[in-house]
Amino acid sequence: MLELPIIQDTKSDSTIRNVNDLSHQPKLYVETYGCQMNVNDTEIVQGVMNDCGYAMTDKPEQADVILLNTCAIRDNAEKKIHERLNHLKYYKKRNKDLVVGILGCMAERLRETLLEKELVDLVVGPDEYRTVPELVSKAYSGERGIAVKLSRVETYDDILPFRTEGISAWVSIMRGCDKFCTYCVVPFTRGRERSRAFASIVDEAKSLFDQGFKEITLLGQNVNSYRDEQSGHNFAELLDACAKAVPDMRIRYTTSHPQDMSDQLIEAMAMHDNICKYIHLPVQSGSNRILSLMNRTHPVEHYYERIDMIKKLMPHCALSTDIITGFPTETEDDHEATMELMRRVRYDGAYMFKYSPRERTKAWKMGDDIPDEVKVRRLNEIINQQNAIAREINQTLIGSIEKILVEGPSKKNPMEWQGRTDSNKVTIFPQNEQSPYVIGDIISVKIEKASSATLFGSLI
Ligand code: SAH
Ligand code: SF4
Ligand code: F3S
């Protein structure tokens, strides 16, 4: 436990606010953007701040400290944050003592330029979250702060993420990325690849199970290159150890790089019932010329060979991918190669993006020669085709019985609940007072209807 700080508040007539005094317990509100790793990082920051006496709130108007945990992956991710900052001026007008901070990948990328915004008191990059309490304390006395050093060793292994009750937990097993895909800012915003200790991850899985969690997702930008420094254990071995340590817990992981998707990993998945049969395997493009310009380090042939291996060992394994349209120099033929690859693999789902040039990356220097309307048209073509394929796949599930982990009321209708199949498909089913299940149960649902993104069923 960190020591509880005394926070000197010089902005409002020099009163001393002692966070030991629970009647004045300061409140932290964090908003999270970007990927699941950011979601887990927010829990780490909340863990650090909670140790220093902060309570969490989900109401920004009640907060003493507002932090935005940001993403820099595409230009529109950053635009969203600038808009949100403009909006936060309103909170600062109402509460002059409010501390506002920017965390995450955009903090790392834009650094002190973010402090030029009058509103922002602190800027903290992904490897410096231990400094947040100190920088917040300084901000109370009007001192603005920045901490954006990247580390080769920081994994926050000893920090207990602040998790509110739930059934699914995120567990970061590694940080950073060394792949340097030419379009991507992550190697710059998150720094070098480093893995958490093997034993501490397995222990965390056990402890989460004991706390009542039903599902964990092991996280990293490229989990396949996980390597425990001490024992030399790889990701397949970690997955195997977790599956054995918590046999009644569902285990997922994301994200994989096709280059490092080993037979050993696919075999480990196939061997354990509690490892969910779902793989997110980003391909980005179906054209070898573009893959090479992207520095994806493998041709489409290697990708097909990995998919064949997955389907051979796990015929019902669901697959999803990421696609970028309009990468520099992408021709209609390259685009058609991507369409063709998606028809051949038949993904259950895909995250599809328009190329967004990022400063400092290699692709930045390639120019951005594909006109926006062409990017958009190609994007729409792959989205439409993908939706049709996903609908077809889901409709083949009609009549089947799926094991669903119950998550709670559906977003659209409180009379219906939702959960997920082992293959990660959102499934909706009816709920009433007599329903014999609670959140966290695994129930059998007969699928009766299916759209491209959702299954609908009834209890059996
Ligand atoms: N580490 C993961 C991806 C993390 S970023 C992996 O390699 O699989 C998530 C996705 O965002 C990427 O897979 C890519 O499709 C997309 N992306 C990254 N940089 C982008 C950019 N500059 N423009 C558009 N999409 C991008
Ligand atoms: Fe970015 Fe490539 Fe690393 Fe994924 S593997 S985070 S796309 S550099
Ligand atoms: Fe975004 Fe950083 Fe994740 S750039 S996608 S929040 S690693």
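Note that the coordinates shown come from a computational prediction; the quantities given were computed from them, not determined experimentally. We count ligands from 1, going down the list as the structure has it; atoms in each ligand are counted the same way. Heads up: numbering here begins at 1 and tracks the sequence.
- Those atoms of ligand 1 with a heavy atom of Arg74 less than 4.0 angstrom away are 11 (O), 16 (C), 17 (N), 23 (N), 24 (C), 25 (N), 26 (C).
- Looking from atom 23 (N) of ligand 1 to the surrounding protein, the closest heavy atom is Ser356 N, 3.0 Å.
- Note on ring orientation: taking the six-membered ring where Trp is involved, the planes of Phe198 and Tyr226 are tilted (angle from 30° to 60°).
- Distances from atom 7 (O) of ligand 1 to the heavy atoms of Met37, Arg296, Gln259 put Arg296 nearest.
- Contact annotation: the side chain of Asp422 approaches that of Cys276 to within less than 4.5 Å [non-hydrogen atoms, C-beta and beyond].
- Scanning the protein for heavy atoms near atom 3 (C) of ligand 1, the closest one is Gln221 OE1, 3.9 Å.
- Heavy-atom distances between Ile73 and ligand 1 reach below 4.0 Å in at least one pair.
- At a cut-off of 2.8 Å, Cys181 is counted among the residues with an N, O or S atom near atom 2 (Fe) of ligand 2.
- Remark: minimum distance from atom 19 (N) of ligand 1 to any protein heavy atom is reached at Tyr183 CD1, 3.3 Å.
- Between His87 and Tyr91, the ring-plane angle classifies as perpendicular under the 30° and 60° cut-offs.
- Within the 4.5 Å cutoff, side-chain heavy atoms of Phe327 are placed close to those of Leu293.
- Contact annotation: Arg296 has at least one heavy atom less than 4.0 Å from an atom of ligand 2.
- In Arg190, the part holding a heavy atom less than 4.0 Å from any atom of ligand 3 is the side chain.
- Under the 4.0 angstrom criterion for non-hydrogen atoms, Gln36 is not in contact with ligand 3.
- Given atom 24 (C) of ligand 1, the protein heavy atom at minimum distance is Lys354 O, 3.3 Å.
- Side-chain contact check for Lys311 versus Leu319: some heavy-atom pair is nearer than 4.5 Å.
- In the vicinity of Cys35, heavy-atom distances shorter than 4.0 Å reach the ligand 3 atoms 3 (Fe), 5 (S), 6 (S), 7 (S).
- The side chain of Tyr183, and not its backbone, has at least one atom closer than 4.0 Å to an atom of ligand 2 (non-hydrogen atoms only; side chain from C-beta on).
- Below 4.0 Å from some heavy atom of Cys105 lie the following atoms of ligand 3, by number and element: 2 (Fe), 4 (S), 6 (S), 7 (S).
- Annotation: atom 6 (C) of ligand 1 to nearest protein heavy atom, Thr255 CG2, 3.7 Å.
- The residue from Leu281, Asp322, Ile324, Asn76 that puts a heavy atom closest to atom 10 (C) of ligand 1 is Asp322.
- Proximity to Cys71 (heavy-atom distance under 4.0 Å) selects the following atoms of ligand 3: 1 (Fe), 4 (S), 5 (S), 6 (S).
- In terms of protein heavy-atom proximity, atom 14 (C) of ligand 1 is closest to Gln284 OE1, 3.4 Å.
- The number of heavy-atom neighbours closer than 6.0 Å to NZ of Lys80, taken from other residues, nucleotides and ligands shown, is 12 or below.
- No more than 12 heavy atoms of other residues, nucleotides or ligands lie within 6.0 Å of CD in Gln230, so this atom counts as exposed by the packing criterion.
- Taking a cut-off of under 4.0 Å to the non-hydrogen atoms of Phe353, the atoms of ligand 1 that pass are 10 (C), 11 (O), 15 (O), 16 (C), 25 (N).
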